[in-house]
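Heavy atoms only: backbone and side chains are in, while hydrogens, waters and symmetry mates are out.
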2 protein chains.
Amino acid sequence: MQIGELARTTSTKVETIRFYEKIGLLPEPGRTAGNYRDYGAAHLARLSFIRRARDLGFTLDQVRELLALSDDRSRSCTAVDSVARAHLAQIDQKIADLRALRRELDELIGQCSQGAISDCRIIEALGPPSNARH
Amino acid sequence: MQIGELARTTSTKVETIRFYEKIGLLPEPGRTAGNYRDYGAAHLARLSFIRRARDLGFTLDQVRELLALSDDRSRSCTAVDSVARAHLAQIDQKIADLRALRRELDELIGQCSQGAISDCRIIEALGPPSNARH
DNA sequence: CTTGACCCTATAGTTGCTACAGGCTGCATA
DNA sequence: TATGCAGCCTGTAGCAACTATAGGGTCAAG
Ligand SMILES: [Zn+2]
Ligand SMILES: [Zn+2]
Ligand SMILES: [Zn+2]
Ligand SMILES: [Zn+2]
């Protein structure tokens, strides 16, 4: 299997696959006589793993960790669980942050009366803290 | 006012201020005899604006746009409003994406039985799509 | 024998900073 | 006066996680 087919199969760009190889996430495949990369089932499985984990928002470092753990079939999976839970906590934090931001912004937009810039509450609120906001 | 004081006043790192100057977001200030940057009230106001907009999650391009608009005091602020509303829509999209992700991940974690890696549902779910998920 | 799709390497760009390295300036203290 | 040290200067490289060129080589079909 050459890189283009692997790319199509995993919905990954060719450049991304080469990038994963360069950073040591995907093992180097063999080469054909014409120096083309030649992938097998193991590569497909590993890249699928990476893509799924990335889709779930794990960082490349977390993916690396999960891959290392998954290679150690006999160990307990508490470590896997804790990586996943840590990631969940990060997501919760991000959601909370975005919600707070959304509230702020929504409030600001609600005050804009669509008049002149000089009267715009949005612009005013962004300016220096001369008068208190909220 | 020299750069360190401006940095402290606006809770911005010195390097960030120089960075904003380099990308043309903050106008170049005058210099002292010793070649130190010398800021005034206008710079403070502009940097405050930038910081607030950034805190609200606007990109630097959006900030640039808002700054340009805010300089044109007589115009209608519908353009400002539309920048802000576009940003709000982006935030809503991000929140929705994160929530979907969170649901997926939570479901996955709930299935982990804390046994051996080889039985771990998290690892399994990350693997190639041999059997359907969901 | 040429076209065109595919592959190769290497390097630079993206966003929004942050962190050096190596060198001035300016003020207080011994 | 010397010297120390905080603060400033420029310029460049690094972070995540790719993406996009440039400038070539390979391979099968027509
Ligand atoms: Zn508010
Ligand atoms: Zn307005
Ligand atoms: Zn699910
Ligand atoms: Zn498990």
Side-chain angles (χ1 to χ4, degrees), chain A residues 1-26 28-40 43 46-47 49-67 83 86-87 90-91 93-94 97-98 101, chain B residues 1-26 28-40 43 46-47 49-67 86-87 90-91 94 97-98 101:
Chain A
M1 192 190 218
Q2 61 188 46
I3 201 167
E5 193 185 341
L6 182 62
R8 279 188 299 279
T9 312
T10 59
S11 309
T12 307
K13 301 211 168 164
V14 166
E15 291 88 355
T16 305
I17 296 177
R18 289 198 281 245
F19 167 73
Y20 286 159
E21 179 182 320
K22 198 167 61 182
I23 64 170
L25 209 55
L26 200 58
E28 290 184 34
R31 298 286 179 129
T32 65
N35 199 32
Y36 284 17
R37 285 174 180 81
D38 187 21
Y39 295 99
H43 289 99
R46 203 162 179 95
L47 181 54
F49 188 106
I50 295 168
R51 295 300 290 174
R52 262 171 229 278
R54 290 289 301 132
D55 283 350
L56 284 169
F58 287 95
T59 65
L60 287 183
D61 261 3
Q62 288 172 321
V63 174
R64 219 183 283 273
E65 205 175 336
L66 289 173
L67 278 169
V83 170
H87 178 38
Q90 284 167 16
I91 292 173
Q93 186 58 58
K94 265 190 203 159
D97 289 351
L98 280 175
L101 209 107
Chain B
M1 192 190 219
Q2 62 188 47
I3 200 167
E5 194 186 339
L6 182 63
R8 281 188 298 278
T9 311
T10 58
S11 308
T12 308
K13 301 210 165 165
V14 166
E15 292 87 352
T16 305
I17 297 177
R18 289 198 280 245
F19 168 72
Y20 287 158
E21 179 182 319
K22 197 168 63 183
I23 63 170
L25 210 54
L26 200 58
E28 290 185 34
R31 298 288 179 126
T32 65
N35 199 32
Y36 284 16
R37 285 174 180 80
D38 186 21
Y39 296 100
H43 289 100
R46 203 160 181 97
L47 182 55
F49 188 106
I50 295 168
R51 295 299 290 173
R52 262 172 230 277
R54 291 288 302 133
D55 282 351
L56 284 169
F58 287 95
T59 65
L60 288 183
D61 260 4
Q62 288 171 323
V63 174
R64 218 184 283 274
E65 207 174 334
L66 289 173
L67 278 170
H87 178 38
Q90 284 168 16
I91 292 173
K94 265 190 201 159
D97 289 350
L98 281 175
L101 209 107

Beyond-backbone contact of [X] with [Y], side-chain heavy atoms, under 4.5 angstrom:
| X | Y | answer |
| --- | --- | --- |
| Thr59(B) | Gln62(B) | yes |
| Arg18(A) | Val14(A) | yes |
| Tyr20(B) | Arg51(B) | yes |

If I take atom [atom1] in residue [X] and atom [atom2] in nucleotide [N], what distance separates them, rounded to the nearest angstrom?
| X | N | atom1 | atom2 | answer |
| --- | --- | --- | --- | --- |
| Ile17(B) | dT10(D) | CD1 | P | 13 Å |
| Asp38(A) | dC6(C) | CG | P | 17 Å |
| Ile50(A) | dA16(D) | CD1 | C1' | 16 Å |
| Leu25(B) | dG16(C) | CG | P | 10 Å |
| Ile23(B) | dT18(C) | CD1 | P | 12 Å |
| Tyr39(B) | dC8(D) | OH | P | 10 Å |
| Asp55(B) | dG16(C) | CG | P | 14 Å |
| Glu5(A) | dC7(C) | CD | C1' | 14 Å |

Nearest-nucleotide wise, let me know which of Arg31(B) and Arg8(B) is further upstream toward the 5' end of DNA chain D.
-> Arg8(B)
Is Asp61(B) salt-bridged to Arg64(B), going by a charged N under 4.0 Å from an acidic O?
->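 Salt bridge flag = yes for Arg64(B) with Asp61(B).
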Can you name the one residue among Thr16(A), Leu60(A), Thr12(A) that meets side chain to side chain contact (heavy atoms under 4.5 Å, CB included) with Arg54(A)?
->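 So, applying the side chain to side chain contact (heavy atoms under 4.5 Å, CB included) to Arg54(A) and each of Thr16(A), Leu60(A), Thr12(A), only Leu60(A) qualifies.
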Could you tell me the separation between the CG atom of Leu25(A) and the CZ atom of Phe19(A), rounded to the nearest 0.5 Å?
->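 So the gap between those two atoms works out to 8.5 Å.
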Lys94(B) NZ to Leu101(A) CG distance, which is reported to the nearest 0.5 Å |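 Those atoms lie 9.0 Å apart.
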Are Arg37(A) and dT9(C) close enough that a side-chain N or O sits under 4.0 Å from OP1 or OP2?
-> yes
Please tell me which of the listed nucleotides, dC8(C), dG16(C), dA17(D), lies nearest to the side chain of Arg54(A)?
->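 Nearest listed nucleotide: dA17(D).
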Within the distance-only criterion (no hydrogens, no angle test), does the side chain of His87(A) pair as donor or acceptor with the backbone N or O of Leu56(A) below 3.5 angstrom?
-> yes
Counting N and O atoms only, with roles assigned by atom type, does the side chain of Asp38(A) sit under 3.5 Å from a partner on the main chain of Met1(A), one being a donor and the other an acceptor?
-> yes
Would you jot down, in residue-number order, the residues of residues 56-66 of chain B having a non-hydrogen atom under 4.0 Å from DNA chain C?
-> Thr59(B), Leu60(B)
Going 5' to 3' through nucleotides 19-30 of chain D and flagging B where a protein heavy-atom sits under 4.0 Å of the base, S where only the sugar-phosphate is that close, and - otherwise, we get SBB---BBS---
Nearest nucleotide by nearest heavy atom, which residue falls closer to the 5' end of DNA chain C, Tyr20(B) or Ile3(A)?
-> Ile3(A)
